[in-house]
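Remember, it's a predicted structure, so these values are computed and weren't measured experimentally. Atoms within each ligand, like the ligands themselves, are counted from 1 in listed order.
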Amino acid sequence: MPINRWKPLPLLIGAALAAGAPPVAVAEPAPGTAAVADYYQDAEGKTGEELKTALHRIISTGTTTLTYDEVWDALKVTDQHPADAASITLLYSGEPRSKDSNGGGADEWNREHVWPKSHGDFGTAPGPGTDVHHLRPTDVTVNSERGNKDFDLGGSEVGEAPGNRTDADSWEPRDEVKGDVARMVFYMAVRYEGADGFADLELNDQVDNGSAPYLGRSSVLREWHRQDPPDAAEQRRNDVIYERFQHNRNPFVDRPEWVGAIWG
Ligand SMILES: [Ca+2]
Ligand SMILES: [Ca+2]
């Protein structure tokens, strides 16, 4: 991995300088910021189930869990439109929408669970249903159209979100967020392992998973991860969640090679 991939936040560069630390970590692999240089220490050198277990422990430790109500305010920060501070970016269309336009109307925005909450029946109690690593702003009716479908290729184009496709049993996001969606799903499979009364969420290679705690198709998601690697905006979102809200990170945004190391 190139070590200059990361663009640390100016704030953290300043903090690192003040602490006498070098402004940019040069160790391989480069972490997101100087503040997370040790974050993945216990996962280094591991693969397979051992890596998954180590990452689960890392991303479940010292975290803050939001309420479903707090998710609104978090998304207004994590998904703020880059050119309009009064708007969020809709995940599936990429378009801006006013932050205040979230009253439930057909052309307002709401909180899409990229891992559908019925897949494992976790609802919106604090836990997987409020985890902003996979919660994103979407148009209300586009959210309904996605429903709880698994991810797969194909179908007809979604009218209100061009580039996305859907049929009776699957949803294909537009190319720009295919990898983002895949990495959110990978995060959920590692973060939730059957603790605190919630189901153990896992990938499989099917559609039509219904209310089982599975989401597919894993082969397609891995391909999307390769086609659409993390960009600066996705890395920045991960940083903001870590620094300001949940104090945990999506390892697959930071270390894309760990997808293959766990799932082949
Ligand atoms: Ca992307
Ligand atoms: Ca799991």
Side-chain angles (χ1 to χ4, degrees), residues 5-7 32 43 46 48-61 63 78-79 81-82 88-95 112-122 127-129 131 133-134 136-138 150-151 153 161-164 171-206 209 211-216 218 220-241 248 250-256 258-259 261-264:
R5 190 165 64 81
W6 289 100
K7 306 261 190 302
K46 296 186 167 121
E49 205 56 39
E50 216 189 2
L51 174 59
K52 185 166 176 264
T53 300
L55 290 176
H56 169 73
R57 200 176 303 125
I58 291 167
I59 67 179
S60 308
T61 302
T63 63
T78 57
D79 291 71
H81 192 273
I88 50 76
T89 304
L90 297 169
L91 174 66
Y92 294 127
S93 72
E95 292 166 355
E112 152 81 334
H113 293 78
V114 170
W115 186 296
K117 52 187 186 292
S118 63
H119 291 230
D121 193 28
F122 49 74
D131 192 323
H133 277 296
H134 85 115
R136 302 297 288 259
T138 57
D150 292 81
F151 292 107
L153 292 162
N164 299 258
W171 183 266
E172 177 187 342
R174 64 192 167 105
D175 290 349
E176 294 80 0
V177 297
K178 277 185 165 70
D180 307 54
V181 162
R183 287 178 285 278
M184 289 184 244
V185 170
F186 300 145
Y187 163 89
M188 293 296 282
V190 172
R191 172 67 182 83
Y192 297 101
E193 297 282 52
D196 303 322
F198 295 112
D200 177 5
L201 308 181
E202 291 297 331
L203 306 171
N204 67 12
D205 205 24
Q206 298 173 203
N209 276 303
S211 60
Y214 305 120
L215 191 60
S218 53
V220 173
L221 290 161
R222 289 199 304 274
E223 182 58 27
W224 291 351
H225 169 62
R226 286 187 288 271
Q227 287 171 1
D228 174 35
D231 64 10
E234 190 180 345
Q235 289 159 352
R236 173 61 181 264
R237 186 176 195 274
N238 198 24
D239 287 341
V240 171
I241 294 171
N248 71 343
N250 182 333
F252 307 106
V253 174
D254 291 327
R255 299 286 296 274
W258 278 343
V259 173
I262 293 175
W263 289 287

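Scanning both residues, Glu202 and Asp200, for their nearest heavy atoms gives OE2-OD1, 3.0 Å. Minimum heavy-atom separation, Ile88 to Pro137: CD1-CB, 3.6 Å. Shortest non-hydrogen contact noted between Ala189 and Trp115 is N-CZ3, 4.4 Å. The two residues Ala261 and Leu51 come nearest to each other via the heavy atoms CB-CD2, 3.7 Å.
Between the Ca ion (ligand 2) and the N, O or S atoms of Glu202, the shortest distance is to OE2. In terms of distance to the Ca ion (ligand 2), the nearest N, O or S atom of Glu193 is named OE1. Sorting the N, O or S atoms of Asp200 by how far they are from the Ca ion (ligand 2) puts OD1 first.
Inclusion of Arg191 in the first shell of the Ca ion (ligand 2) is not supported: no N, O or S atom falls under 3.0 Å. At a cut-off of 3.0 Å, Asp180 coordinates the Ca ion (ligand 1) through an N, O or S atom. Residue Ala189: an N/O/S atom is found under 3.0 Å from the Ca ion (ligand 2). In summary, an N, O or S atom of Tyr192 is located under 3.0 Å from the Ca ion (ligand 2).
Rounding to 10 degrees gives 80° for the angle at the Ca ion (ligand 1) between O of Glu176 and OD2 of Asp228.
Between Phe186 and Phe252, the ring planes are perpendicular. Angles over 60° get that label, and only those under 30° would be called parallel. Aromatic ring orientation, Phe122 versus His134: perpendicular (interplanar angle above 60°, classes split at 30° and 60°).
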